[in-house]
Structure formats: structure tokens, C-alpha cells
*Asks:* 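Sending over a structure as C-alpha cells; questions will come in a sec.
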Amino acid sequence: MAKLAKSPWLLHYDGSSCNGCDIEVLACTTPVYDIERFGIYNTGDPFQADILLITGGINSQSESVVKQIYSQMPEPKVVVAVGICACTGGVFKECYNIKGGVDTVIPVDVYVPGCAARPQAIIDGVVQALEILQKKRDDFEQKKKAGA
Amino acid sequence: MIQVISVIAYLVGAPLLGGFLDGCDRTVSARMQGRQGPPLLQPFYDLSKLFHKQILAVNSLQLLLNLCYLVLLAIAGAMLFAGADILMCLFILSTADMFLIVAAASDSSPYSSIGANREMIQVMACEPLTLLMAVGFYLTTGSFQVKDIIAQPVSAVVMMPGLLFGFFVIMAVKLRKSPFDCATSHHAHQEIVKGLTTEMSGPTFAIMNIAEYYEIILMLGIVAIFFINATWWSWIVALVLCAVAFFLETLWDNISARLKWMTLFKGCWIVTLLAGGINILVLMLIR
Ligand code: SF4
């Protein structure tokens, strides 16, 4: 296994999902799946988060919110799109108010498919995100050193 | 000489031991909830991550104020471990809290302001008992100096069990344990986001965490001086009972629901009046 980021704190935002995926995200924190064993901590605060987990597609109202949350998270950070709605817009893709997947407004690092995405898949996606997060951390360190 | 060693041991060891205790707390809590929980050293991974994050400062003051909080807590603890005046130590402890409140109030986030307000209420709820406790030590041992308090033939707790109970409640408030955790929302994390710490990110938040570790050790140090007396084995007893106290706080944290600030305030004052007040009265009568 590649070197994984050890202390990823997670922020969950519901773009415009049907709530199916959100319930699965919450299931990840329960004793059965327990994401805290990876050191993952479900915070509610963008200022302290490393991973942004978004469920549901983006509509014109949530667009600015998602952009703001993303900008409030300090570097290094990764974004995980959970559920097919967050990946592409899913069943709501044709709706007049839906812009599409999360990647229409902010860069996404990991896509977790499924409707709803299963907790196992979500955890797998997050663990993949950890690898990317670690790489970004190393890059960030190098950039800091080069800058200093 | 021993004083210097114990102060240095506190300054260097408290963050390490505090972090380790925090790790134990998280693991034990997870086991109580039927989960596996994070690795034991998770708090240190968290700290190292926080120090490596980008600094997103909302203002230039917050980092400085947090540093003041850290330094004052370290001084308060150092005084206790040097065997100096316990009254002074407690005063510095509450001054340290003031810096944290100002740090939280210095930014514009409404959540942070609510957190600061609630922290202020917590300080007000805790303060009377800490003062009574200092008075209790004086009435029992005839001195405010920690080095005299721990050199008595019998442990202070014999004369002040009520104050020890009261301090146990106050400790839960100071350590932000569940029934009284309304300033930072450790567990109910969506209520006021992260309360006091909402706008602290990266290194600023790490400094606040290290200060909390100093506080844990300081609190346990105060528990210890209730038990330590002139005999050598009382130190071992005190150490064991500190561990028990910390475990009980964790247990309490997991089995109780959070209180509203008004209940917290009333609860603390009632405990102070009943457990602390009666204890002090008895002490004054039998003196
Ligand atoms: S992917 Fe399915 S379950 Fe998830 S938000 Fe979309 S419609 Fe709901």
C-alpha cells in the first residue's frame, strides 16, 4: 500500500442529492464501517477539513456555496464526489436547474459511482483520496521549501 | 533542584503525555461505542498534519492570542509542578482562558462568537469552585504553597472530599467533556460548527490543541495533590487515582447527553454550593 495521509479530516456537503447518498455517508461513521480507524474525523468546519465529500449534483443555488466551501479549505485538499449524481448529474442531469456533476464547478480528485454509493465504495474512494492527499502534501511541502 | 526538574518535565512532557491521554480517550471512547477507533498515536498525526497545512488566517491577531493561551497555561502548570502558590496557579489558568475567549471573539464568524460567549459562561461556572478549593487547601494544611500541601502527614482529600467531587465536575467542563461541552461542540459537531475553534485552521488550531494537552496534565496534577502526602507510596496512589479520574471522565463523556448552557451554569453552581460550600463550612468549624 502506498504511503497514506494519516490524519484526514472530512467535510461532507450535500449538493442537491436525494439524501440516499448522505445516509450512506453517515453509515460510514457507524460501528459497522467506522472510518475513524483510518484516523478520519468527520468535522463540520471547512477551515479544518482536508477532504471535501460531496453528494448530489450541483444546481445554480448550491454552486456558489460549493465554491465558497472549497475556497475556505486550506491547502493541501482533495475532493471526492460520492454517488452518480455528484459524478455526472445522474438521474437529475436533464433537470432545468442542475448544472451537472461536481466537476462543473470545482476540480474533483476521486469519483465514487453508485446509486446510492455503498459505504464500502465510499470508504474505498476516501482511501484512494488519501493517496492523492499524501502526494499533494508532499508537493505542497516542496513548494513551501522552494518558496522559502 | 527537584523543582527545576519537575518544571522541565512538565514543560516537555505534558504535551506528549496529554496527547497520549487524548489518544487513549479516543480509543477507549470508540471501544465503548463498539468501534475499533483510531490508532493510539492519532493526536500526534493530527498535530503534525495541522502544522503542515496552509495558514488561512482570518486576522493577524488570532495566532498571537492562541500563543498567549498556550504560554499562560504552561506557566500555570509550571507553577503547580514547581510547588508554588496554588492560588496564583488558578488565577493564571483563568487568565489563559480569557486569551482563548478573545482569540475566538476576534474573528467575524457568528459560530465562533457564540462559542466565545459560552466559554465565558463556562469560566464563570467553574471559577467559584476553583477558588473554594484553594481556600479548602489553606484551611486543611495552613498553606497555599503546593510544596507544603503535599508534605502533610495525611492526604488533603480526607478533609475535603466534597471539594474533590466538585473539582471532578469542574474538570469535565475544563476538559470539554460531554455533558458540558457547549463551547466547542466536540461531539455534536454540527450544532455551532466547531464553536470557539471554528475559524482556527492549521497551525493556529494545533497550538490550541497543544495548550489543551497542557491543561489536561494541569488538571490531573491538581487531582494528584488531593492525594499526595509525606509518604512515598501516596505518589503511586495519586498516579493510579489520576488515571481512574481520567477514565471516569471518558466514561461520563460517553454516557451522558449534552446540557444546555443554563443547566450547565446552574449545575456547576449547585455542586459548588453543596459539595464545596458544605465542605468549607465543616472545615471552618472543626478548625
Ligand atoms: S446517486 Fe442516487 S442515491 Fe445518490 S444522491 Fe443521486 S439519486 Fe440519490
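Basis for what follows: all heavy atoms, side chains included, without hydrogens, waters or symmetry-related copies. Lettering follows sequence order; numbering is per chain, from 1.
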*Asks:* Given a strict heavy-atom distance threshold of 4.5 Å, which part of Q36(B) is in contact with chain A: side chain, backbone, both, or neither?
*Replies:* both
*Asks:* Return yes if a side-chain donor-acceptor contact under 3.5 Å exists between D138(A) and Q134(A), otherwise no.
*Replies:* yes
*Asks:* Working to the nearest 0.5 Å, report the span between NZ of K99(A) and OG of S62(A).
*Replies:* 9.5 Å
*Asks:* Using a 4.5 angstrom heavy-atom cutoff, name the option from R137(A), Q72(A), K77(A) with the most pairs to chain B.
*Replies:* R137(A)
*Asks:* Who wins among A30(B), G37(B), G34(B) for the most heavy-atom pairs under 4.5 Å with chain A?
*Replies:* G37(B)
*Asks:* Using a distance-only test with no angle check, is there a side-chain donor-acceptor pair under 3.5 angstrom linking N42(A) and H12(A)?
*Replies:* no
*Asks:* Please check if any side-chain donor atom of N117(B) sits under 3.5 Å from a side-chain acceptor atom of S113(B), or the reverse.
*Replies:* no
*Asks:* So what's closer than 4.5 Å to chain B heavy atoms on E141(A): side chain, backbone, both or neither?
*Replies:* side chain
